[in-house]
Every structure is written in C-alpha cells, then in structure tokens.
Amino acid sequence: MYDARVIANEILKEGWRRGLDLTQIDVQKICYFLSGHHLLDHGRPMIHSEFEAWDFGPVQRSVYNSFKQFGREPISELATAFDPIRRQPKELSTISENSVRDTIEKYLPLYLGIPSFELVEMTHRPGTPWTRTQDSGKRSANIGMRISNELITEYFEGLQPA
C-alpha cells in the first residue's frame, strides 16, 4: 500500500505528460476512482489511508494538505513528504508494485479527460459510497467521515458489467 500522495504524483505526472492542467478536485477524484478499481481488481487497497466524505466528494487528507495552496488553480508541483530528522521536505517513494502500476495504466486514461465537474457529479450520485457515508453521518457519528474500503468495493462491484 502507498501513501495517497504517491498515487497523486503519478496522476499529475501522466496528466502533465499529456499536456493537461489538473486541479485538486481532479487529482482527488481520480485517486478515488483508481483506488476503487484496485480494490475490486486486486482485493486489497492501493492506498493505506481511507477516503473522507467531504463536501465536494471523497478526499485524501494528505493529498489535500499537499496541494491546498493551489486552491482551484492547476497544481504545478509534486507532493513531497516531510523529513522530521532533517526538518525539510523530501521526495516521496515511487511505485514498485506491479498491481498498482497495472491499475494506473489501465484506468488512469479513462479519467484524465473527464472535466472536474463531471468527476464530482460521478461521486455524488445516489448510492455512491460518498452519498451513503454523508447520509449515515447525519444519523450516527462517523469521526472523520471515513468512507470504508468495503463500501467502495461493494459500489465498484455494481459498476462491472454482468
């Protein structure tokens, strides 16, 4: 499993290679969709942290914190980690796991061309993990509004053709 920022960086690198300007919303939503496909295809998470159900859809908090300075503008630099010993930023690892690389190569092209507003709409449809988590949060406590991997897997299973 990887830090969500590693996956975000892969999304950005491929988007930039294709000449695309990607915003925080684009990266967050694509990260979510890649994660869902990976859960279904490989039976395990590719990201070690859970998504949270924020107002504009599923969010990885570490990705948000890395790119919040860009606001709604295109992201122009990769996420980094913080080295607490040297007290300075450091590069994040790269992807070495074949299953994660395969998921990115197979599904990332499907999402890169979708406009931000459509990505948000896709996560907000009735019955999505985001919607179900938001609805259940109105009835009972869910600290951090975590979207479970089980809920994401269940939803992505329903997207597969019969």
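- By the 4.0 Å N-to-carboxylate-O rule, Glu97 lies close enough to Arg44 to be salt-bridged with it.
- Distance check: Ser116 OG to Leu22 CG gives 8.0 Å after rounding to the nearest 0.5 Å.
- Salt bridge annotation for Arg5-Glu10: absent, with no cationic side-chain nitrogen under 4.0 angstrom from a carboxylate oxygen.
- Ring centers of Phe51 and Trp130: at least 6.0 Å apart, outside the cut-off.
- Relative ring orientation between Tyr111 and His37 is described as tilted, the plane-to-plane angle lying within the 30° to 60° band.
- Residues Phe67 and Leu12 form a side-chain contact, since some pair of their non-hydrogen atoms from C-beta on lies under 4.5 Å apart.
- Checked against the 6.0 Å centroid threshold, His38 and Tyr2 do not count as a close aromatic pair.
- For the pair Trp54 and Gln28, the minimum side-chain heavy-atom distance is 4.5 Å or more.
- Side-chain contact between Gln60 and Ser49 is present, with at least one heavy-atom pair separated by less than 4.5 Å.
- The shortest distance between side-chain heavy atoms of Lys90 and Phe82 does not fall below 4.5 Å.
- Residues meeting the ring-ring contact (aromatic ring centres under 6.0 Å, His included) test with His48, sequence neighbours left out: none.
- Two residues are said to be in side-chain contact when any heavy atoms from C-beta on lie closer than 4.5 Å; Phe33 and Leu110 fail this criterion.
- The number of heavy atoms from other shown groups lying within 6.0 Å of CZ (Phe70) is above 12.
- Inter-residue side-chain proximity for Leu92 and Thr80 is flagged as unmet; no heavy-atom pair is nearer than 4.5 Å.
- Through chains of ILVMFWY side-chain contacts below 4.5 Å, Val120 is grouped with Ile25.
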